[in-house]
Visitor: 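My questions will all concern the structure given below.
All of these numbers come straight from a predicted model, not from anything done at the bench.
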Amino acid sequence: MKTLIRSLLLWCLVGAGVVLAQTPDCPCPVTPPPPPLWTGSGEFSWLATTGNSKTSSLGLGVDVFYKPAPWTFELAFAFLHSSTDEVTTAERFKGLLSASRDLTDRIDVFVKGAYLRDQFAGLDSLFAASSGAGFKLFNTPSQFLRVSAGFGYTWENQTIGVDRNYANAIAGLNYKWTFSKTAFFSNDFGFLLDLADTNNWFINDTAALTASLTSVFAIKASWTILYRHEPVPGFKTTDTTTAVSLVAKF
């Protein structure tokens, strides 16, 4: 009987040893899924007042990314229309198409084309094509900062005055601060300099605060400035836009 009990205990110890030998000391690492190839967002804003005067403002925007690493392609457009007493007071259309390729974790090269139509700033159309390089100073989950520079060419058709075509130099600064799981601040700054007339330079800057409402929808408050040091004759140097938008991510 004692021999049988000892044999059973021995086999129990052997079985436990086999199980322990097959059990890893630590859990196996889980490989995260690859990031999606397609991402994007669309935003909508609307403001209307009635009474002594009737005003309305409509804003639309779409931004789509395709990221087959190490490439990133972006297609974006934004539209703004404002009216007072059914008379259009401002209308602007912007478009962007770009492609960039990461050379290292910090360095990338890019080519892009941008379009702007703003007759209330004296522009029937402005198209700029450029290429250059960018450098990521910070690229962490909470802080992102990228600087860029390059050269290009601009074709400009004015509502008043002489059309202008010129080579240009560009510089940019893109910043994002994710200060919580559901909110972040971003600022995108762009500078364009006419190499033939250095008094003709542009600044385009957009600062925005975005807070998630659900996994799909977010609320966004933004402020945009378009500044031209040498405006079309008869027009002001600065246009600003303040907007609160509903954003849908996809």
Visitor: Salt bridge check: are K136 and D102 linked by an N-O gap of less than 4.0 Å?
Guide: yes
Visitor: For the CG atom of D239 and the CD1 atom of I225, what is their distance to the nearest 0.5 Å?
Guide: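 Answer for the CG-CD1 pair, D239 versus I225, is 9.0 Å.
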Visitor: Should N157 and S125 be marked as a side-chain hydrogen bond (donor to acceptor under 3.5 Å, both in side chains) after you check the CA-CA gap, both sets of side-chain angles, and the distance that decides it?
Guide: CA-CA 5 Å; N157 297 320; S125 65; 3.0 Å; yes
Visitor: So do the side chains of T178 and P141 get within less than 4.5 Å of each other, counting heavy atoms only?
Guide: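 No, every pair of side-chain atoms sits at 4.5 Å or beyond.
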Visitor: Please check if atom NZ in K112 has more than 12 non-hydrogen atoms from other residues, nucleotides or ligands closer than 6.0 Å.
Guide: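 No, the 6.0 Å shell around NZ holds no more than 12 heavy atoms from other groups.
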Visitor: Rounded at 0.5 Å granularity, tell me how far CG in L97 sits from CZ in F77.
Guide: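 One gets 13.5 Å once the value is rounded to the nearest 0.5 Å.
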Visitor: With distance as the sole test, does D85 use its side chain to make a donor-acceptor pair with the main-chain N or O of K54 at under 3.5 Å?
Guide: yes
Visitor: With a sphere of 6.0 Å drawn around CZ of F151, does it hold more than 12 non-hydrogen atoms of other residues, nucleotides or ligands?
Guide: no
Visitor: So which atom in S130 and which in I170 form the shortest heavy-atom distance, rounded to 0.1 Å?
Guide: OG-CD1, 3.4 Å
Visitor: For F120 versus A90, what's the shortest heavy-atom pair and its separation?
Guide: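 Here F120 and A90 meet closest at CD1-CA, 3.7 Å.
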Visitor: Check the angle between the aromatic planes of H229 and Y227 and answer parallel, tilted or perpendicular using the 30° and 60° thresholds.
Guide: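 H229 vs Y227 ring planes: tilted.
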Visitor: Under 4.5 Å between side-chain heavy atoms, counting indirect links through other Ile/Leu/Val/Met/Phe/Trp/Tyr residues: same cluster for L173 and I107 or not?
Guide: yes
Visitor: Less than 6.0 angstrom from the centroid, inside 45 degrees of the normal: does K176 satisfy that with respect to the ring of F184?
Guide: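 Because its charged atom sits under 6.0 Å from the ring centre and within 45° of the axis, K176 does stack over F184.
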Visitor: Indicate yes or no: at least one non-hydrogen side-chain atom of Q158 is less than 4.5 angstrom from one of D163.
Guide: yes
Visitor: Compute the centroid of each ring, for F127 and then for W155, and state whether the two points are separated by less than 6.0 Å.
Guide: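 Between F127 and W155, the centre distance is under 6.0 Å.
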Visitor: Quick check: do D194 and T154 have side-chain heavy atoms less than 4.5 Å from each other?
Guide: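 Sidechains of T154 and D194: no contact.
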Visitor: Within a 6.0 Å radius of atom CZ on F250, are there more than 12 heavy atoms belonging to other residues, nucleotides or ligands?
Guide: yes
Visitor: For the residue pair T206 and T224, confirm or rule out a side-chain donor-acceptor distance under 3.5 Å.
Guide: yes
Visitor: One pair to check against side-chain hydrogen bond (donor to acceptor under 3.5 Å, both in side chains): S82 and T89. What are the steps and the verdict?
Guide: CA-CA 6 Å; S82 298; T89 55; 5.0 Å; no
Visitor: Side chains of I160 and F235: does their closest heavy-atom pair fall under 4.5 Å?
Guide: yes
Visitor: Could you check whether the rings of Y66 and F73 sit parallel, tilted or perpendicular, using 30° and 60° as the cut-offs?
Guide: parallel
Visitor: Within this structure, what is the CD-CH2 distance for the pair E230 and W201, rounded to the nearest 0.5 Å?
Guide: 11.0 Å
Visitor: Quick one: do L246 and V244 end up in the same hydrophobic cluster if we chain Ile, Leu, Val, Met, Phe, Trp and Tyr together by side-chain heavy atoms under 4.5 Å apart?
Guide: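 Yes, same cluster.
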Visitor: Please assess R92 against F79 for the test side-chain contact (heavy atoms from CB on, under 4.5 Å), listing each intermediate value before the final yes or no.
Guide: CA-CA 6 Å; R92 181 185 305 133; F79 174 75; over 6 Å; no
Visitor: Kindly indicate whether the side chain of S83, heavy atoms from C-beta on, has any atom under 4.5 Å from the side chain of H81.
Guide: yes
Visitor: Quick one: closest heavy-atom pair of A133 and F110, and the distance?
Guide: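 That would be N-CE2, 3.3 Å.
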Visitor: Under 3.5 Å, is there a donor-acceptor pair between the side chain of R228 and the main chain of N200?
Guide: no
Visitor: Kindly give the heavy-atom pair with the smallest separation between A207 and N187, and that separation in Å.
Guide: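 So the two residues come closest at CB-OD1, 3.3 Å.
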Visitor: If you round to the nearest 0.5 Å, how far is CG of L226 from CG of N204?
Guide: 5.0 Å
Visitor: Looking only at heavy atoms, what is the nearest atom pair of E91 and D118, with distance?
Guide: O-OD1, 3.4 Å
Visitor: Following the transitive rule for hydrophobic clusters with a side-chain heavy-atom cut-off under 4.5 Å over Ile, Leu, Val, Met, Phe, Trp and Tyr, establish whether F65 and W38 coincide in one cluster.
Guide: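 Unlinked, F65 and W38 end up in two clusters.
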Visitor: Mind running side-chain contact (heavy atoms from CB on, under 4.5 Å) on L126 and F202 for me, showing each step along the way?
Guide: CA-CA 12 Å; L126 184 150; F202 297 75; 4.0 Å; yes
Visitor: Could you measure the distance from the CH2 atom of W223 to the CG atom of L209? Nearest 0.5 Å is fine.
Guide: 15.0 Å
Visitor: Less than 4.5 Å apart, any side-chain heavy atom of N139 and any of R146?
Guide: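 N139 vs R146: side chains apart.
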Visitor: Which heavy atom of K249 sits nearest to which heavy atom of S215, and what is that distance?
Guide: CE-O, 3.8 Å
Visitor: Roughly how far, to the nearest 0.5 Å, is the OH atom of Y175 from the CZ atom of F138?
Guide: 8.5 Å
Visitor: If two hydrophobic side chains count as joined below 4.5 Å and joins carry through other members, does F44 share a cluster with L80?
Guide: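 No; tracing contacts between hydrophobic side chains, which count when under 4.5 Å, never links both residues.
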Visitor: Might you work through the side-chain hydrogen bond (donor to acceptor under 3.5 Å, both in side chains) test for N165 and E156, ending with a clear yes or no?
Guide: CA-CA 6 Å; N165 301 327; E156 182 181 334; over 6 Å; no
Visitor: May I ask whether L103 and L145 are part of the same hydrophobic cluster, defined by side-chain heavy atoms of I, L, V, M, F, W, Y residues being less than 4.5 angstrom apart, directly or through others?
Guide: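 L103 and L145: one cluster.
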Visitor: Is the backbone N or O of S45 less than 3.5 Å from a side-chain atom of S245, with the two atoms forming a donor-acceptor pair by type?
Guide: no
